[in-house]
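Let me begin by presenting the structure, written as structure tokens, before commenting on it.
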Amino acid sequence: MRASQVIGLAWRSLARSKLRSFFMMLGVVVGIAALTALASVGEATRQETMRQFKRMLGTFDTLTIRPGANSTRGMPSLGQVEPSLKFGDGPAIATGVRGVKRVALVQQAFDLDVSYRNETTVPLVLGVSSNWADIRGEAAAHGEHLTEDDDRSLARVAVIGVDVARTLFHDEDPLGRTIRIADVPFQVKGVMAPRGSGPGGASLDNVLVIPVATASKRLFNRDYLTTIVVQLDDADDSDRVADDVRALLRERHRIIPPAQDDFTVGSPRATLAQIAKVGTTLSKVVTGVAMIATLIGGAVIMSLMLIGVSERRREIGVRRAVGATRRDVLQQFLAEAALISVLGGAIGIAIGMGGATVGALLQKLPPAYMWPMIGAAALLSLLVGIAFGLYPAWKAANVDPIEALRS
Amino acid sequence: MNVIEAIHLARTYRRGDGTPVAALRDISFTIAAGEFVVIRGASGSGKSSLLNILGCLDTPTSGEYRLAGENVSTLSDDARSHIRSKRIGFVFQSFNLLPRATAIENVEVPALYTGAAPDRARARSLLDRVGLAERAEHFATELSGGEQQRVAIARALMNDPPLLLADEPTGNLDSAAGESVMQLLASLQEGGRTIVLVTHDEHVASFADRELVIRDGAIASDTARRPWRQP
Ligand SMILES: Nc1ncnc2c1ncn2[C@@H]1O[C@H](COP(=O)(O)OP(=O)(O)OP(=O)(O)O)[C@@H](O)[C@H]1O
Ligand SMILES: [Mg+2]
């Protein structure tokens, strides 16, 4: 038999018993739809998490150094951290470690009242060195960013995020206005470009930056930092640079084994790798569950095919009598099983992608489709059809035509 | 030239409990090309068993079956399938059309297994020949018994086999339908086709050139019903 004839025959046979075909493919449809939808929703979520981190960090080619031995999480205020990271550590890293492009210094607090006339808000207040915005690749949307001169002259100037601008100024132009940060007057010189939300969905625009020297001397009166941001020449070099930074800081802080570091070097890339890994673990579980559903679908195909074979013994006998070989009969039944499974797979993929799109839109995320998984799902449906069709097809091929034709 | 040579054919079945049943014992005869032979005998005498062997559906337990001079009793299942495909047409008592296929699709079935390109025109002309051109798109279940049997005959002719085997083809038909089926079958003898037909019916037997009677798995008589002319 020609391949086109085999497929045509299988198609007609399935088309002429639609209800049975529907039940045959149901399990595979459900399994493959689940596989496609869950994988794609997972992918959309993972991509969104990446985007959130990107918006929060601005860039991934950095290391962040924080005070304390294990400060990997959270955003502590200046008042709550160990005073171990000094202003001098920044320039020391910039000059003393190979592969470092720039170093930014940060003092942060999120417990300060910021007010203008009758309006008050409590944003994240960041004292930053003037290169901070450059490292993040951010320009001011309106007005100007902080300059080295601002830092040197301890200028009382601020660049505010759009949330702060909206809360304090409503429709008024903030440029040149004087706001009070913990009662210290600062002049607004710029408004930051909107950033959107970060991990967990919190706004990244409820923020205000001032020169770090001003912050240290005129606002906080503290000579230590909450964060040092180290930008790398080559992001792939981050492990080596992290080691060198650690060694340099231990020396500067006079830490002698077995004493622990009084700082933590973090790497956004490592954090992201962690997230990606969590993603793959999740997708493994999802894959397993959907695979089981698909296998159950295969078992349904097998049992209905077996019933079909015994119902169609006479048909098999006729085909054998008019010249079909065992192989012809095997092919015919195998093609039916494979075709029904692939059709089920195709419908499942369509439903799964539709479900993933709806799921993503409900979460207000751009839909993402995990194409390798979808390709694997299509292949899986074919393999399931063949694997579970093989035994019924073998049964059909071995029907004794004489027995089957006896009236 | 002999189309069929049966040489000491025997066929023994085994029942479920293992006891042997000798359906055929020591059957020998020859059938020449173009002959129309009828096989008669009581129920259980072995007529269908013999026809299955002649049709290469079954193989003898012992003895030799030569089809057009070739010993086919020891051929593989595949080889016998190919012989059935090209050289043998079957007509059954219960028609055995595929119920979920149309008349023309039923006629085309044997062509699927020859490896040749589909030939709908031939199927159509065969339906025309059996007088059912306008029923081509009807499903088998929508046809009367006589119509179904005529579709089955068209199907048997699809690959133009030189040998036609029919097991009680009129057994499920009333006399009018049976008569028209017999007229049709008898007409197929023209052109040198060999026909072997099993029947209980004396009138049906009257269409044949020659009559073999089987009793208890052996040939009881072999008589010419009318002088057979070499075509
Ligand atoms: N597969 C089988 N297993 C066991 N015994 C069988 C089998 N097929 C046929 N027989 C037996 O062989 C004998 C001949 O059977 P066969 O079908 O050839 O008879 P028949 O002449 O065609 O009868 P009928 O006129 O009723 O169709 C019978 O006794 C039957 O019971
Ligand atoms: Mg019989």
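First the proteins, then the strands, lettered A, B, ... as listed; each starts at 1.
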Is it the case that over 12 heavy atoms from other parts of the model lie below 6.0 angstrom from the CZ atom of R327(A)?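 12 or below, so no.
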For M353(A), look at atom CE and say whether over 12 heavy atoms of other residues, nucleotides or ligands are found less than 6.0 Å away.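 Yes, the 6.0 Å shell around CE holds more than 12 heavy atoms from other groups.
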Taking every non-hydrogen atom, the tightest pair across [X] and [Y]:
{"X": "L57(B)", "Y": "I402(A)", "result": "O-CD1, 3.6 Å"}
{"X": "S81(B)", "Y": "A324(A)", "result": "OG-O, 3.6 Å"}
{"X": "A321(A)", "Y": "F92(B)", "result": "CB-CZ, 4.0 Å"}

Under a 4.5 Å heavy-atom cut-off, does chain A meet the side chain of [X], its backbone, both or neither?
{"X": "A116(B)", "value": "backbone"}
{"X": "F139(B)", "value": "side chain"}
{"X": "R80(B)", "value": "neither"}
{"X": "P118(B)", "value": "both"}

Between the side chain of R100(B) and the main-chain N/O of R16(A), is any donor-acceptor distance below 3.5 Å?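 Checked: no pair found.
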Is it the side chain or the backbone of [X] that comes within 4.5 Å of chain B heavy atoms, both, or neither?
{"X": "Q331(A)", "answer": "neither"}
{"X": "S13(A)", "answer": "both"}
{"X": "R312(A)", "answer": "side chain"}

Going from [atom1] on [X] to [atom2] on [Y], what distance comes out if it is rounded to the nearest 0.5 angstrom?
{"X": "M1(A)", "Y": "L112(B)", "atom1": "CE", "atom2": "CG", "answer": "4.5 Å"}
{"X": "N52(B)", "Y": "R406(A)", "atom1": "CG", "atom2": "CZ", "answer": "8.5 Å"}
{"X": "L9(A)", "Y": "E105(B)", "atom1": "CG", "atom2": "CD", "answer": "9.0 Å"}

Mind checking whether Y113(B) and T325(A) have side chains closer than 4.5 Å, heavy atoms only?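 No - every pair of side-chain heavy atoms lies 4.5 Å or more apart.
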Any side-chain heavy atom of R314(A) within less than 4.5 Å of one from N96(B)?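 With C-beta onward as the side chain, the pair touches.
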Carboxylate-amine/guanidinium proximity below 4.0 Å for D77(B) and R320(A):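 Salt bridge flag = yes for R320(A) with D77(B).
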What residue among V109(B), L97(B), L98(B) forms side-chain contact (heavy atoms from CB on, under 4.5 Å) with E315(A)?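 Single side-chain contact (heavy atoms from CB on, under 4.5 Å) partner of E315(A) among V109(B), L97(B), L98(B): L98(B).
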Relative to chain A, which of R155(B), H82(B), R84(B) shows the most heavy atom pairs under 4.5 Å?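 With the most close heavy-atom pairs to chain A, the winner is R84(B).
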